Amino acid sequence: MYQRLMEHLTTAVLLLDGQLRLCWMNPSAEALLAVSLSRVEGIEFTSVVGSEEGIGEVLGKARDEFHPFTQREARLVVGGEVLTVDYTVTPLSADELLLEIEPRDRLMRISREEALQTRQETIKVLARGLAHEVKNPLGGIRGAAQLLERDLDDPGLREFTHIIVEEVDRLRDLVDSMLGPNRMTRHEPLNIHKVLERVRSLLIVEQPGVQIERDYDPSLPDLAGDEAQMIQAVLNVARNAVEAMTEAGIAEPRLVLRTRARRQFTLGAERHRLVCEVAIIDNGPGIPEALHETLFYPMVSGRADGSGLGLSIAQSILHQHQGLIECDSSPGHTEFRLLIPLEKRHD
């Protein structure tokens with residue numbers, strides 16, 4: 001009975017002997033370590049799993065001192081992949097150790113996504129408040145300049161009022177851009193590859209020197225979305241990547257557009273049966289470390305002539321589609337992932 005209960009736990013449970021060799025593990029442990037018990041039974045645990053913090057020393061200390069130990073957010077290396085886990089080792093006898101491992105990567109990613117969404121909502125509220133306060137006086141300035149122009153006979157002085165009106169209009173457009181799309185999102189059946197092909201054709205015209213590769217999953221079903229807004233979101237991200245490579249003088253700039261299906265994937269606090277992942281990958285210089293946390297804030301840019309609005313608007317569009325954008329970046333490899341649920345909406 002107890003073994004049946006252990007086999008149905010979602011926590012990975014392993015039993016080690018006094019030489020730290022694997023004696024037994026439940027199916028959750030097999031799934032976490034991506035190996036079956038029959039293959040690793042009798043093998044020393046540290047030969048199967050590596051650790052950046054030295055899990056072998058912790059296991060040995062628990063055995064020798066006959067005292068349980070717990071490690072939080074430890075990093076284990078399993079099959080070349082680094083996993084963040086919490087684990088507890090408990091001595092059962094002089095020759096038995098019980099090891100419990102709880103994966104933390106998914107929970108940490110959910111926390112990051114929820115924090116990102118909260119920050120985005122806060123920024124949106126602040127931006128709307130700022131827009132209201134700025135646009136009111138801008139309207140007054142524009143109207144006053146137009147009235148003043150009527151009373152001026154000198155064409156040279158009228159030129160100054162024209163400048164005032166043009167600059168006011170430019171500031172108004174900038175404020176509108178900070179707010180993102182100003183119309184309701186239409187959710188219609190949309191082929192994401194049609195969106196990517198449109199973006200690809202635009203980039204080829206703008207930057208013919210950049211090699212653009214396609215790696216599509218043709219089995220992806222249509223998603224429910226707004227075609228114009230999705231084109232804008234993908235184009236903003238892809239154009240940023242192309243411009244970064246061009247400014248850095250990359251000898252052979254390359255952009256990859258990739259689509260994949262992710263199953264049983266969590267976005268924010270909601271788990272989705274099927275999610276569309278659009279990856280935009282470049283071999284540019286990477287994003288400065290100082291910008292990683294504020295990358296999707298409005299008016300934040302890593303380029304000297306960047307407006308800092310492209311990624312913020314793209315993230316806002318993805319939020320309207322119940323999705324989000326993730327980013328991993330290092331010199332020579334930057335990857336933006338646009339994640340959009342593929343379930344039908346019921347709103």
Side-chain angles (χ1 to χ4, degrees), residues 1-115 260-267 269 271 273 275 277 289 292 326-333 335 337:
M1 174 182 175
Y2 294 119
Q3 181 170 339
R4 187 159 55 89
L5 291 174
M6 298 280 278
E7 288 175 348
H8 286 81
L9 287 177
T10 57
T11 300
V13 180
L14 306 94
L15 185 65
L16 312 179
D17 65 14
Q19 283 71 50
L20 308 184
R21 294 174 299 201
L22 277 162
C23 300
W24 180 85
M25 59 182 175
N26 68 352
S28 293
E30 291 180 323
L32 179 66
L33 304 182
V35 67
S36 65
L37 175 62
S38 60
R39 288 190 57 189
V40 296
E41 187 174 5
I43 297 176
E44 188 175 342
F45 181 70
T46 52
S47 299
V48 180
V49 175
S51 171
E52 296 182 0
E53 291 84 6
I55 191 172
E57 288 79 2
V58 176
L59 295 173
K61 190 174 182 181
R63 175 197 59 197
D64 298 338
E65 298 182 10
F66 205 74
H67 190 280
F69 285 93
T70 298
Q71 293 284 99
R72 302 293 183 189
E73 297 188 9
R75 295 168 68 82
L76 302 183
V77 182
V78 179
E81 182 181 358
V82 179
L83 304 177
T84 304
V85 303
D86 293 344
Y87 70 84
T88 298
V89 53
T90 306
L92 301 180
S93 69
D95 200 41
E96 287 182 316
L97 291 175
L98 181 69
L99 180 60
E100 303 167 74
I101 305 176
E102 185 71 34
R104 296 289 300 172
D105 292 280
R106 179 170 171 265
L107 293 175
M108 291 170 65
R109 184 175 57 79
I110 291 173
S111 297
R112 286 197 303 268
E113 291 171 0
E114 287 181 336
R260 292 292 185 270
R262 304 288 292 271
R263 300 184 185 281
Q264 300 301 327
F265 196 82
T266 303
L267 295 175
R271 191 171 183 83
R273 185 179 60 83
V275 167
E277 177 188 276
E289 186 71 29
H292 283 194
E326 296 180 338
C327 176
D328 293 319
S329 181
S330 59
H333 183 94
E335 180 174 337
R337 292 181 297 277

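Worth saying up front: this structure is predicted, and the values here are computed from it rather than measured.
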Problem - Separation of E7 CD from L5 CG (nearest 0.5 Å) - result: 9.5 Å
Exercise for the section: Specify the closest pair of heavy atoms between P91 and H67, including all atoms of both residues, with the distance to one decimal. Expected result: CG-N, 3.5 Å
Practice task
Indicate whether any N or O donor in one side chain lies under 3.5 Å from an N or O acceptor in the other, for T11 and E102.
Solution key: yes
Problem - T70 vs R72, side chain to side chain contact (heavy atoms under 4.5 Å, CB included): CA-CA, chis, key distance, verdict - result: CA-CA 7 Å; T70 298; R72 302 293 183 189; 3.8 Å; yes
Practice task
Kindly compute the distance separating CG (L59) from OH (Y87), expressed to the nearest 0.5 Å.
Solution key: 6.5 Å
Problem - Within 6.0 Å of CZ in R39, more than 12 heavy atoms from elsewhere - result: no
Handout entry: Closest non-hydrogen atom pair between R337 and E277, with its separation
Key = CD-OE1, 3.5 Å
Problem - Shortest non-hydrogen separation from A12 to A29 and the atoms involved - result: CB-CA, 3.5 Å
Fill in the blank from the handout: For G54 and E57 the tightest heavy-atom approach is O-OE1, 2.9 Å
Completion exercise
On a heavy-atom basis, the closest approach of L33 and M25 is CD1-SD, 4.1 Å
Handout entry: Minimal non-hydrogen separation, V13 against M6, with atom names
Key = CG1-CE, 3.2 Å
Exercise for the section: Find out whether F45 and L97 are in side-chain contact, i.e. whether some heavy atom of one side chain is under 4.5 Å from a heavy atom of the other. Expected result: no
Exercise for the section: Might you confirm whether atom NE2 of H333 has over 12 heavy atoms from other residues, nucleotides or ligands at distances under 6.0 Å? Expected result: yes
Fill in the blank from the handout: d(E289 CD, S330 OG) to nearest 0.5 Å is 10.5 Å
Problem - Validation row: V78, L32 side chains within 4.5 angstrom (heavy atoms) - result: no
Problem - Donor-acceptor contact present, side-chain D86 to main-chain E73, <3.5 Å - result: yes
Problem - Inter-residue atom distance L15.CG - C23.SG, 0.5 Å rounding - result: 5.0 Å
Fill in the blank from the handout: So CD of E44 and CG of L20: to nearest 0.5 Å the spacing works out to 5.5 Å
Handout entry: L22 and E41, any side-chain heavy atoms less than 4.5 Å apart
Key = no
Practice task
Compare all side-chain heavy atoms of L76 with those of V82 and state whether any distance is below 4.5 angstrom.
Solution key: no
Problem - Exam field: side chain D95 to backbone G18, donor-acceptor pair closer than 3.5 Å - result: yes
Fill in the blank from the handout: Interatomic distance, CZ@F66 vs CG@L92, rounded to 0.5 Å, equals 7.5 Å
